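Each chain gets a letter, A, B and so on, in the order its sequence line appears, and its residues count up from 1. The structure displayed is predicted, hence computed values, not measured ones.
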Amino acid sequence: MTTTEAIIRAIKAVPAGKVASYARIATEAGIPNGARQVARVLHSCSEKYALPWWRIVRASGEIALTDADGGLLQRELLLEEGVFFKSARVVDLEQSGDY
DNA sequence: GCCATGGCTAGTA
DNA sequence: GCCATGGCTAGTA
(Lines give C-alpha, C1' and ligand atoms only; values in the text may rest on other atoms or scores of the structure.)
Protein backbone atom coordinates (compact mmCIF):
# COMPACT_ATOMS: atom_id res chain seq x y z
CA MET A 1 0.00 0.00 0.00
CA THR A 2 1.41 3.35 -1.01
CA THR A 3 1.28 6.37 1.27
CA THR A 4 -1.25 7.95 -1.04
CA GLU A 5 -3.53 4.92 -0.61
CA ALA A 6 -3.07 5.07 3.15
CA ILE A 7 -4.07 8.73 3.13
CA ILE A 8 -7.12 8.00 0.98
CA ARG A 9 -8.26 5.33 3.42
CA ALA A 10 -7.76 7.62 6.40
CA ILE A 11 -9.82 10.38 4.76
CA LYS A 12 -12.63 7.95 3.93
CA ALA A 13 -12.69 6.79 7.55
CA VAL A 14 -13.85 10.17 8.85
CA PRO A 15 -17.57 9.79 9.67
CA ALA A 16 -20.26 12.28 8.70
CA GLY A 17 -20.79 14.92 11.33
CA LYS A 18 -17.11 14.87 12.32
CA VAL A 19 -14.00 16.61 11.02
CA ALA A 20 -10.31 15.75 11.19
CA SER A 21 -7.17 17.83 10.78
CA TYR A 22 -4.61 17.31 8.03
CA ALA A 23 -2.11 16.26 10.68
CA ARG A 24 -4.55 13.72 12.15
CA ILE A 25 -5.12 12.11 8.76
CA ALA A 26 -1.38 12.04 8.13
CA THR A 27 -0.76 10.32 11.45
CA GLU A 28 -3.52 7.78 10.75
CA ALA A 29 -1.80 7.06 7.46
CA GLY A 30 1.53 6.51 9.16
CA ILE A 31 3.16 9.78 8.12
CA PRO A 32 3.73 11.75 11.34
CA ASN A 33 4.70 15.02 9.67
CA GLY A 34 2.84 14.56 6.44
CA ALA A 35 0.10 17.16 6.68
CA ARG A 36 1.09 18.54 3.30
CA GLN A 37 0.81 15.15 1.67
CA VAL A 38 -2.80 15.13 2.82
CA ALA A 39 -3.28 18.53 1.18
CA ARG A 40 -1.77 17.17 -2.02
CA VAL A 41 -4.04 14.11 -2.04
CA LEU A 42 -7.14 16.20 -1.37
CA HIS A 43 -6.15 18.51 -4.17
CA SER A 44 -5.50 15.83 -6.75
CA CYS A 45 -7.61 12.81 -5.73
CA SER A 46 -10.86 14.07 -4.21
CA GLU A 47 -12.93 13.70 -7.34
CA LYS A 48 -11.41 10.45 -8.59
CA TYR A 49 -11.86 8.65 -5.29
CA ALA A 50 -15.01 10.40 -4.10
CA LEU A 51 -13.29 11.59 -0.95
CA PRO A 52 -15.26 13.42 1.77
CA TRP A 53 -12.88 16.34 1.30
CA TRP A 54 -15.10 18.76 3.20
CA ARG A 55 -14.47 16.90 6.48
CA ILE A 56 -10.80 17.89 6.58
CA VAL A 57 -9.97 21.21 8.26
CA ARG A 58 -6.93 22.86 9.82
CA ALA A 59 -5.71 21.84 13.27
CA SER A 60 -7.28 25.04 14.62
CA GLY A 61 -10.68 24.04 13.23
CA GLU A 62 -10.50 26.66 10.53
CA ILE A 63 -11.60 25.93 6.98
CA ALA A 64 -8.47 26.04 4.84
CA LEU A 65 -10.03 27.08 1.53
CA THR A 66 -11.02 30.63 0.76
CA ASP A 67 -14.73 31.25 0.36
CA ALA A 68 -14.31 31.74 -3.37
CA ASP A 69 -12.27 28.57 -3.71
CA GLY A 70 -14.78 26.21 -2.12
CA GLY A 71 -14.74 27.23 1.52
CA LEU A 72 -18.33 28.41 1.32
CA LEU A 73 -19.43 25.06 -0.13
CA GLN A 74 -17.43 23.23 2.54
CA ARG A 75 -19.24 25.10 5.29
CA GLU A 76 -22.62 24.26 3.75
CA LEU A 77 -21.78 20.57 3.49
CA LEU A 78 -20.58 20.43 7.09
CA LEU A 79 -23.67 22.25 8.37
CA GLU A 80 -25.84 19.70 6.57
CA GLU A 81 -24.07 16.93 8.47
CA GLY A 82 -24.69 18.65 11.80
CA VAL A 83 -21.18 19.93 12.42
CA PHE A 84 -21.00 22.78 14.94
CA PHE A 85 -19.21 26.04 14.15
CA LYS A 86 -17.59 28.49 16.55
CA SER A 87 -17.67 31.18 13.86
CA ALA A 88 -18.28 31.40 10.13
CA ARG A 89 -15.06 29.66 9.12
CA VAL A 90 -14.08 27.80 12.29
CA VAL A 91 -15.47 24.41 13.33
CA ASP A 92 -16.12 23.76 17.03
CA LEU A 93 -13.67 20.92 17.58
CA GLU A 94 -14.98 20.27 21.10
CA GLN A 95 -18.26 19.07 19.64
CA SER A 96 -17.48 18.00 16.12
CA GLY A 97 -13.79 17.19 16.08
CA ASP A 98 -12.05 13.82 16.27
CA TYR A 99 -13.86 10.51 16.41
C1' DG B 1 4.59 35.97 8.79
C1' DC B 2 8.27 32.51 8.60
C1' DC B 3 10.08 28.15 7.45
C1' DA B 4 10.56 22.90 8.20
C1' DT B 5 8.18 19.02 6.49
C1' DG B 6 7.72 14.79 2.78
C1' DG B 7 5.97 12.41 -1.11
C1' DC B 8 4.66 13.23 -5.89
C1' DT B 9 5.16 14.86 -10.67
C1' DA B 10 6.16 17.53 -14.67
C1' DG B 11 9.74 18.21 -17.33
C1' DT B 12 14.81 18.11 -18.37
C1' DA B 13 19.14 15.34 -19.49
C1' DG C 1 9.11 22.71 -7.20
C1' DC C 2 4.45 21.90 -5.69
C1' DC C 3 0.74 21.41 -2.01
C1' DA C 4 -6.30 22.99 0.75
C1' DT C 5 -0.28 22.58 6.88
C1' DG C 6 1.39 23.56 11.47
C1' DG C 7 3.58 25.53 15.19
C1' DC C 8 6.18 29.13 16.97
C1' DT C 9 7.64 33.95 17.20
C1' DA C 10 7.84 38.84 16.64
C1' DG C 11 5.52 42.79 17.05
C1' DT C 12 1.15 45.53 17.29
C1' DA C 13 -2.99 47.29 19.94
Side-chain angles (χ1 to χ4, degrees):
Chain A
M1 167 155 78
T2 67
T3 61
T4 296
E5 287 170 345
I7 290 172
I8 288 173
R9 283 197 193 189
I11 293 172
K12 287 194 161 189
V14 182
K18 292 288 184 181
V19 298
S21 68
Y22 294 72
R24 170 72 191 277
I25 296 299
T27 299
E28 291 286 319
I31 311 166
N33 295 309
R36 311 205 64 160
Q37 276 58 256
V38 176
R40 180 182 53 71
V41 170
L42 284 170
H43 185 74
S44 55
C45 305
S46 282
E47 193 169 359
K48 184 183 297 182
Y49 297 95
L51 303 180
W53 59 269
W54 58 93
R55 306 214 263 250
I56 313 304
V57 298
R58 292 195 179 191
S60 60
E62 184 183 11
I63 287 179
L65 288 77
T66 63
D67 287 349
D69 209 21
L72 231 40
L73 171 61
Q74 181 168 13
R75 174 184 161 80
E76 290 307 312
L77 291 169
L78 289 176
L79 284 173
E80 282 176 24
E81 295 185 343
V83 167
F84 293 92
F85 278 75
K86 292 177 69 174
S87 66
R89 295 179 47 83
V90 184
V91 169
D92 183 344
L93 295 178
E94 299 289 308
Q95 306 217 43
S96 308
D98 260 358
Y99 47 96

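- When the side-chain nitrogen and oxygen atoms of His43(A) are compared with OP1 and OP2 of dC3(C), none of them lie within a distance under 4.0 Å.
- Leu51(A) has its CG atom 15 Å from the C1' atom of dC3(C), to the nearest Å.
- For the pair Ile8(A) CD1 and dG7(B) C1', the interatomic distance rounds to 13 Å; values are reported in whole Å.
- Note on Thr66(A): nothing from the nucleic acid sits closer than 4.0 angstrom, heavy atoms only.
- Residue Ser21(A) is in sugar-phosphate contact alone, with no base atom involved, counting any heavy-atom pair closer than 4.0 Å across all strands shown.
- For the OP1/OP2 pair of dC8(B) and a distance below 4.0 Å, the side-chain nitrogens and oxygens of Thr3(A) include at least one atom meeting the criterion.
- Side-chain N or O atoms of Gln74(A) include one that pairs as donor or acceptor with a backbone N or O of Trp54(A) at under 3.5 Å.
- Considering only side-chain N and O atoms, Ser60(A) lies nowhere under 4.0 angstrom from the phosphate OP1 or OP2 of dG6(C).
- Nucleotide dG7(B): paired with dC2(C) (Watson-Crick or G-U wobble, both distances less than 3.5 Å).
- One atom, CZ of Arg89(A), and another, P of dA4(C), lie 14 Å apart when rounded to the nearest Å.
- The distance between atom CD of Glu5(A) and atom P of dG7(B), rounded to the nearest whole Å, is 15 Å.
- For dG7(B), the OP1/OP2 oxygens have no side-chain nitrogen or oxygen of Arg40(A) closer than 4.0 Å.
- Residue contacts for Arg36(A): at a heavy-atom cut-off of 4.0 Å it reaches a base atom on one of the strands shown.
- The pair Arg24(A)-Asp98(A) counts as a salt bridge, with a side-chain nitrogen and a carboxylate oxygen less than 4.0 angstrom apart.
- Under a 4.0 Å N-O distance rule, the pair Asp67(A)/Arg89(A) qualifies as a salt bridge.
- With distances taken from any side-chain atom of Ala59(A) to the nucleotides dG7(B), dA4(C), dG7(C), the minimum falls on dG7(C).
- With rounding to whole Å, Gln37(A) atom CD is found 14 Å from dG1(C) atom C1'.
- For Tyr49(A), the OH atom sits in a loose shell: 12 or fewer heavy atoms of surrounding residues, nucleotides or ligands are nearer than 6.0 Å.
- In this structure, Ile25(A) places its CD1 atom 17 Å from P of dA4(C), rounding to the nearest Å.
- Ile31(A) has its CD1 atom 16 Å from the C1' atom of dA4(B), to the nearest Å.
- To the nearest angstrom, P of dG7(C) lies 14 Å from CZ of Arg24(A).
- Contact between Phe84(A) and Ser96(A) at its shortest, heavy atoms only, is N-OG, 2.9 Å.
- Listed nucleotides dA4(C), dG7(C), dG7(B) differ in distance to Ala64(A); the shortest reach to its side chain belongs to dA4(C).
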